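Beneath this line is the structure, given in structure tokens, with notes to follow.
Remember, it's a predicted structure, so these values are computed and weren't measured experimentally. Residues: numbered from 1 along the sequence shown.
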Amino acid sequence: MIAIPNVVSTSPARIRRQWVKRIQWGALFGLMVLIYGSHAPLITLTKVDGKVPFNPSSCVVMIEFAKLLISLATLVLTGGTSALKAPQRLILVAPYAVPAILYALNNNLVVLMQAYMDPSSYQVLSNLKIAFTALLYSLCLGKRLQHAQWFALGLLMAAGVCHTYSSLDLGDSVRANADDVSSLHITAWGLFLVLVYCFVSGLAAVYTERVLKSQKLPLSLQNLYLYVFGVAINGLSSFSTLAGKKSLLDGYSGVVWVIIAGQAANGLLMSVVLKHGSGITRLFVISCSMLVNALLSWAILGLQLTPFFLLPVSMIGLAAYLYYR
């Protein structure tokens with residue numbers, strides 16, 4: 001999904017390299033969409049009596065730790081350990097703490113928002129992070145988007161809203177009692193929190209892209225810095241919530257470890273996209289993953305798809321065409 005600039009030369013070698021690059025990015029995009037889309041159905045498969053048996057914050061720590069180990073192994077295997085021998089100035093390392101702080105903040109916001117809105121309202125309003133990411137991408141990175149690209153991103157956001165709407169049973173929600181927590185509801189404080197969540201989400205992605213591209217360091221070393229802070233910050237948050245309750249790995253199963261492996265791989269693949277591509281591609285990955293999520297939920301969990309499902313599919317396809325043409 002990353003646009004490849006046109007080249008004047010049409011030599012067979014140049015054309016072959018161009019196609020190899022397209023195939024590589026296509027495979028990377030497809031793998032990320034599959035992992036993102038399978039996350040929610042896999043979480044559902046772990047539930048026991050309708051509840052997740054493990055602590056989500058401990059799962060985040062394990063994902064960060066897995067990314068840290070893979071980054072270290074990659075650095076060693078690629079001969080990049082020489083970069084570790086050279087003392088790094090604090091001014092080069094400190095910026096990598098910011099994404100960890102922002103992502104930890106958003107993880108806590110997701111939990112906090114549940115008290116002020118229903119999950120369906122959250123799913124609809126969280127699509128605003130597309131708008132925040134695009135605005136911050138343009139302002140902070142100096143990337144000027146064309147009118148057609150802005151329209152494409154708006155279409156992408158609308159597709160997310162339509163996809164969420166297609167899965168809602170509004171009839172039951174309207175008939176539900178006002179005190180019923182399953183009914184559609186949102187408070188002013190909930191609206192404020194979801195706006196903060198979307199802003200922080202966009203800021204984290206744009207800031208990470210800026211740091212990765214501004215420093216001429218091996219990506220594996222940059223990932224190492226990122227995930228050292230990620231493990232430390234999320235570890236502190238996790239241990240504080242687990243104090244006196246469950247052990248770190250309590251409730252883990254084979255499916256949970258598959259989730260951890262998949263999310264760790266996706267985080268590392270996203271670093272490649274942010275380093276060598278564009279943060280906007282991340283938005284298309286997330287949007288396309290909604291469709292994979294729906295298909296897997298239909299195939300694995302037996303959920304029903306409605307004809308309305310075809311509308312967000314068409315909108316995402318049109319948005320991709322308009323943005324990358």
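Note that NZ of Lys47 is 12.5 Å distant from CG of Leu42, once rounded to the nearest 0.5 Å. How far CH2 of Trp189 is from CE of Met113: 12.0 Å, rounded to the nearest 0.5 Å. Distance check, rounded to the nearest 0.5 Å: CG of Leu219 to OG of Ser71 gives 8.0 Å. To the nearest 0.5 Å, atom SG of residue Cys162 and atom CZ of residue Phe308 are 4.5 Å apart. To the nearest 0.5 angstrom, Ile286 atom CD1 is 11.0 Å from Thr281 atom OG1. The line from CD1 of Ile130 to CG of Leu156 is 4.0 Å long, rounded to the nearest 0.5 Å.
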(message) Applying side chain to side chain contact (heavy atoms under 4.5 Å, CB included) to Leu135 and Phe199, what does each step give before you reach the verdict?
(response) CA-CA 10 Å; Leu135 287 171; Phe199 173 78; over 6 Å; no
(request) Report the C-alpha separation of Tyr227 and Leu268 in whole Å, then their side-chain angles, then the decisive distance to 0.1 Å, and conclude whether the side chain to side chain contact (heavy atoms under 4.5 Å, CB included) test is met. (result) CA-CA 10 Å; Tyr227 302 129; Leu268 294 168; 3.7 Å; yes
(request) Given side chain to side chain contact (heavy atoms under 4.5 Å, CB included), test Leu153 with Leu145 step by step and report yes or no. (result) CA-CA 10 Å; Leu153 293 175; Leu145 301 179; 3.8 Å; yes
(message) Would Thr74 and Leu77 count as a side chain to side chain contact (heavy atoms under 4.5 Å, CB included) here? Give the steps.
(response) CA-CA 5 Å; Thr74 304; Leu77 293 175; 5.9 Å; no
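Residues Tyr324 and Ser278 have side chains that never bring a donor and an acceptor to within less than 3.5 angstrom of each other.
A donor-acceptor distance shorter than 3.5 angstrom exists from the side chain of Ser214 to the backbone of Arg210, with no hydrogens or angles considered. In this structure, Thr44 contributes its side chain and Ala40 its backbone to a donor-acceptor pair below 3.5 Å. Side-chain atoms of Gln149 come within 3.5 Å of backbone N or O of Tyr323 as a donor-acceptor pair.
Under a hydrophobic clustering in which Ile, Leu, Val, Met, Phe, Trp and Tyr are joined whenever their side-chain heavy atoms come within less than 4.5 Å, directly or via other members, Leu291 and Leu310 fall into different clusters. Using a 4.5 Å cut-off between side-chain heavy atoms of Ile, Leu, Val, Met, Phe, Trp and Tyr, with links allowed through other members, Tyr103 and Ile70 fall into different hydrophobic clusters. Val61 and Tyr225 fall into different hydrophobic clusters, where Ile, Leu, Val, Met, Phe, Trp and Tyr are joined by side-chain heavy atoms under 4.5 Å apart, directly or via other members. Both Leu195 and Met157 are part of a single hydrophobic cluster, where members link through side-chain heavy atoms under 4.5 Å apart. Linking ILVMFWY side-chain heavy atoms closer than 4.5 Å, directly or via other members, places Val200 and Leu112 in a single hydrophobic cluster.
No side-chain heavy atom of Leu212 sits less than 4.5 Å from a side-chain heavy atom of Leu217. In this structure, Pro53 and Tyr252 have side chains that are not in contact, with every pair of non-hydrogen atoms separated by 4.5 Å or more. Counting heavy atoms from C-beta on, the side chains of Pro99 and Val211 never come closer than 4.5 Å. For the pair His276/Trp25, a side-chain contact is recorded, criterion being any heavy-atom separation below 4.5 Å from C-beta on.
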Donor-acceptor list for residues 201-209 side chains, cut-off 3.5 Å, not counting sequence neighbours:
from: Ser201; atom 1: OG; to: Arg282; atom 2: NH2; distance (Å): 3.4
from: Tyr207; atom 1: OH; to: Pro95; atom 2: O; distance (Å): 3.3
from: Thr208; atom 1: OG1; to: Ala204; atom 2: O; distance (Å): 2.6
from: Glu209; atom 1: OE1; to: Gly279; atom 2: N; distance (Å): 2.9
from: Glu209; atom 1: OE2; to: Lys213; atom 2: NZ; distance (Å): 2.7

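The neighbour count for Lys143 NZ, taken as heavy atoms of other residues, nucleotides or ligands under 6.0 Å away, does not exceed 12.
The minimum heavy-atom distance between Ala100 and Ile233, with the atom names listed, is CB-CD1, 3.6 Å. Nearest heavy atoms, Gly230 versus Glu64: CA-OE1, 3.5 Å. In terms of heavy atoms, Val33 sits closest to Val285 at CG2-O, 3.9 Å. Ser271 and Asn223 make their closest contact through OG-OD1, 2.9 Å (heavy atoms, listed as atom of the first residue, atom of the second, distance). Considering all non-hydrogen atoms of both residues, Ile316 and Met290 come closest at CD1-CE, 4.3 Å. Closest heavy-atom contact between Arg325 and Leu322: CG-O, 3.7 Å.
With Phe65 as the partner, the side-chain contact (heavy atoms from CB on, under 4.5 Å) test is satisfied by one option alone out of Ile260, Asn234, Val60, Val231: Val231.
The six-membered or imidazole ring of Phe29 lies away from that of Phe284, with a centre-to-centre distance of 6.0 Å or more.
Residues forming a side-chain contact (heavy atoms from CB on, under 4.5 Å) with Asn266 (at least two apart in sequence, or on another chain): Met32, Ile35, Tyr36, Leu269.
Listed by first and then second residue, the side-chain hydrogen bond (donor to acceptor under 3.5 Å, both in side chains) pairs that reach into residues 93-102 are Tyr96-Gln215, Tyr96-Gln222, sequence neighbours excluded.
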